[in-house]
J.: 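Have a look at the structure that comes next, please.
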Number of protein chains: 2
Amino acid sequence: MATGRASDRAYETLRREILQWRLAPGTVLGEVEQATRLGISRTPLREALSRLAADGLVETQTGRGLVVAAVSPDAVRGLFELREALETAAAALAAERREPTVFAELAERFDGAADLVEQGDLDAYYALVARFDDAIDASLDNAYLVAALRGVRTHLQRIRRLAYDDPARLVRAASEHRTIAEAIRDGEAELARTATYVHLRASLRHIRSTPHLDAARPKESP
Amino acid sequence: MATGRASDRAYETLRREILQWRLAPGTVLGEVEQATRLGISRTPLREALSRLAADGLVETQTGRGLVVAAVSPDAVRGLFELREALETAAAALAAERREPTVFAELAERFDGAADLVEQGDLDAYYALVARFDDAIDASLDNAYLVAALRGVRTHLQRIRRLAYDDPARLVRAASEHRTIAEAIRDGEAELARTATYVHLRASLRHIRSTPHLDAARPKESP
DNA sequence: CCGGGTTTCATTGTATACATTGAGAGAGTG
DNA sequence: CACTCTCTCAATGTATACAATGAAACCCGG
């Protein structure tokens with residue numbers, strides 16, 4: 001343990017805690033307080049906080065210093081507007097790149113993913129989605145777009161904790177992912193774009209349909 | 001002078017110098033060297049460098065520390081793929097917001113912008129484009145999307161120095177902007193999206209048609 | 001009881017001293 | 001002559017001490 005740079009460890013720790021709702025939105029992050037808690041000095045902690053601010057996970061609240069960013073229905077709308085712009089474009093570009101082998105395999109995996117979900121192996125399903133995202137990123141060969149997608153996925157992780165883990169939804173999501181993967185495999189850019197659009201709207205509808213924990217409340221660790 | 005935080009001043013100064021090609025791509029930014037030059041200590045300088053790295057203006061080169069990010073034809077492609085995704089979505093969303101007054105005025109201004117360019121008042125034209133961008137941002141009401149757009153525009157400033165200030169192109173660009181503003185004014189989302197797509201492709205074609213200063217060379221300040 | 005000014009003190013911003021790392025020079029050997 | 005191992009040192013990473021800022025508490029006059 002305690003490997004690598006202290007600022008990196010602090011960044012990873014705080015990031016994880018924020019995404020897991022261990023640090024609730026609105027929590028004030030005092031420098032001395034957090035540095036003491038993490039067992040490092042203020043200098044590397046400040047660097048970690050800078051990076052979190054660049055990610056949009058913490059914000060400077062007037063006077064009170066840095067606080068964990070809020071998660072409001074309005075923020076969800078904004079995030080999905082950005083997500084739609086980025087992911088539809090990414091799917092279309094990936095299809096145009098014509099690298100079918102990876103996406104052919106992913107399409108088959110998504111075909112069997114409903115079984116995974118129904119057997120309760122949600123982690124395996126999420127790992128498959130992560131592989132799909134990685135395949136998209138690799139085929140894009142575009143550092144700017146990949147960086148923007150990474151930022152969206154970061155914030156999405158936090159929102160997922162409000163709504164996900166509904167097997168019925170995940171079975172449908174797997175089917176949607178399969179459609180997208182097949183379109184990319186076949187080089188059908190417009191189909192990939194539209195299928196992504198359909199998937200994202202279904203995802204947003206599902207999130208909005210669940211009882212909102214609008215108030216910021218910490219959540220048990222899994 | 002010397003107002004505000006030292007880290008802010010260092011960030012603004014370095015950012016400006018990078019965008020103006022005063023600091024050429026590939027330039028190594030040693031901490032002690034830059035801190036001495038800017039008359040501050042290493043602590044606030046490091047904070048400024050962190051923010052520049054988050055912006056993508058500087059990158060960590062293995063071993064040699066931080067260097068000013070490269071500008072390659074591949075980077076231009078990547079930036080325009082992201083720009084297309086963001087700006088077409090932004091134009092469509094702005095049209096859907098139905099706030100015609102600002103864009104009606106901007107459309108009229110762009111109608112007269114050809115005269116500005118032909119009279120050589122390029123700064124007035126660029127100021128008009130900046131007002132247009134601000135109007136889009138304001139109507140979006142979406143912090144995530146606006147932040148992503150800001151990042152794209154930052155990198156675009158650096159690329160513009162390779163190619164722009166061609167009056168013939170700017171006259172056509174003004175016409176394209178007018179078309180977009182009118183579409184937003186009239187609430188025609190798909191037209192706004194498509195007109196933006198046309199504008200960006202013309203802009204990219206123009207940049208690619210100019211003799212490339214691929215090698216990183218500093219440019220005189222204006 | 002209320003408003004305004006002042007003081008205090010916690011918190012952030014900055015400087016500097018110390019620790020650590022890794023790249024390059026140099027010597028030694030096959 | 002090439003290769004490798006070690007050594008050196010300049011650079012970054014970290015800790016801590018000091019400065020400055022601003023928010024809350026408190027006092028005092030009205």
Side-chain angles (χ1 to χ4, degrees), chain A residues 1-18 22-70 143 147 216 218, chain B residues 1-18 22-70 147 216:
Chain A
M1 58 186 266
T3 159
R5 288 179 290 198
S7 62
D8 288 347
R9 279 179 285 131
Y11 172 75
E12 296 293 345
T13 301
L14 289 171
R15 179 188 152 95
R16 191 176 343 110
E17 290 176 339
I18 292 171
R22 302 285 305 269
L23 287 173
T27 304
V28 178
L29 297 176
E31 293 181 3
V32 288
E33 172 195 2
Q34 297 300 319
T36 304
R37 183 170 71 91
L38 300 175
I40 61 180
S41 79
R42 280 179 55 219
T43 308
L45 180 87
R46 281 173 66 99
E47 184 146 342
L49 291 176
S50 280
R51 289 164 70 184
L52 292 169
D55 291 342
L57 291 176
V58 306
E59 300 167 334
T60 60
Q61 203 172 57
T62 48
R64 224 180 302 192
L66 287 173
V67 301
V68 178
Chain B
M1 59 186 271
T3 157
R5 288 180 289 198
S7 61
D8 289 347
R9 279 179 285 132
Y11 172 74
E12 296 293 345
T13 301
L14 289 170
R15 179 189 152 97
R16 193 177 339 111
E17 290 176 340
I18 292 171
R22 301 284 307 269
L23 287 172
T27 304
V28 177
L29 297 177
E31 293 180 4
V32 288
E33 172 197 2
Q34 296 300 320
T36 304
R37 183 170 72 90
L38 299 176
I40 61 179
S41 79
R42 280 177 57 219
T43 308
L45 181 86
R46 280 174 67 100
E47 184 146 341
L49 290 176
S50 279
R51 289 164 69 182
L52 292 169
D55 291 342
L57 290 176
V58 306
E59 300 167 336
T60 61
Q61 204 172 56
T62 47
R64 224 180 301 193
L66 287 173
V67 301
V68 178

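Just so it is clear, the structure is predicted and the values come from calculations on it, not from any experiment. Within every chain, numbering begins at 1; the chains are lettered A, B, ... in the order of the sequence lines, protein sequences first and strands thereafter.
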J.: Are Arg46(B) and dT12(D) close enough that a side-chain N or O sits under 4.0 Å from OP1 or OP2?
T.: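 No, outside the criterion.
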
J.: Please determine if Arg37(B) and Glu17(B) form a salt bridge, counting it only when a charged side-chain N lies under 4.0 Å from a carboxylate O.
T.: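 Salt bridge: yes.
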
J.: Is there a donor and acceptor pair, one atom on the side chain of Ser7(A) and one on the base of dT14(D), closer than 3.5 Å?
T.: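 Flag unset: no donor-acceptor pair detected.
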
J.: Taking the side chain as every heavy atom from C-beta outward, state whether Asp8(A) and Arg51(A) have any atom pair closer than 4.5 Å.
T.: yes

J.: Over how many whole Å does the gap from Glu47(B) atom CD to dT12(D) atom P extend?
T.: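 That distance rounds to 17 Å.
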
J.: Select from Gly65(A) and Arg42(B) the residue whose nearest nucleotide in DNA chain C is closer to the 5' end of that strand.
T.: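 Per heavy-atom nearest nucleotide, the more 5' residue is Gly65(A).
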
J.: Only one of Leu45(B), Val28(B), Leu49(B) forms a side chain to side chain contact (heavy atoms under 4.5 Å, CB included) with Gln34(B), so which one is it?
T.: Leu45(B)

J.: Looking only at side-chain atoms of Glu31(B), point me to the closest of dT14(D), dA15(C), dT12(D).
T.: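 From the listed options, dT12(D) comes nearest.
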
J.: Nearest-Å distance, CZ (Arg9(A)) to P (dT14(D))?
T.: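 Computing the Arg9(A):CZ to dT14(D):P distance gives 8 Å.
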
J.: For dT14(D), take OP1 and OP2 only and decide whether either is under 4.0 Å from a side-chain N or O of Thr43(A).
T.: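 So the side chain of Thr43(A) is outside the cut-off, no N or O lying under 4.0 Å from OP1 or OP2 of dT14(D).
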
J.: Could you check whether any side-chain heavy atom of Glu59(B) comes within less than 4.5 Å of a side-chain heavy atom of Leu66(B), counting everything from C-beta outward?
T.: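 They are not in contact (no side-chain heavy atoms under 4.5 Å apart), so the answer is no.
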
J.: Whole Å only: how far is the CZ atom of Arg64(B) from the P atom of dA11(D)?
T.: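 Those two atoms, CZ and P, are 13 Å apart.
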
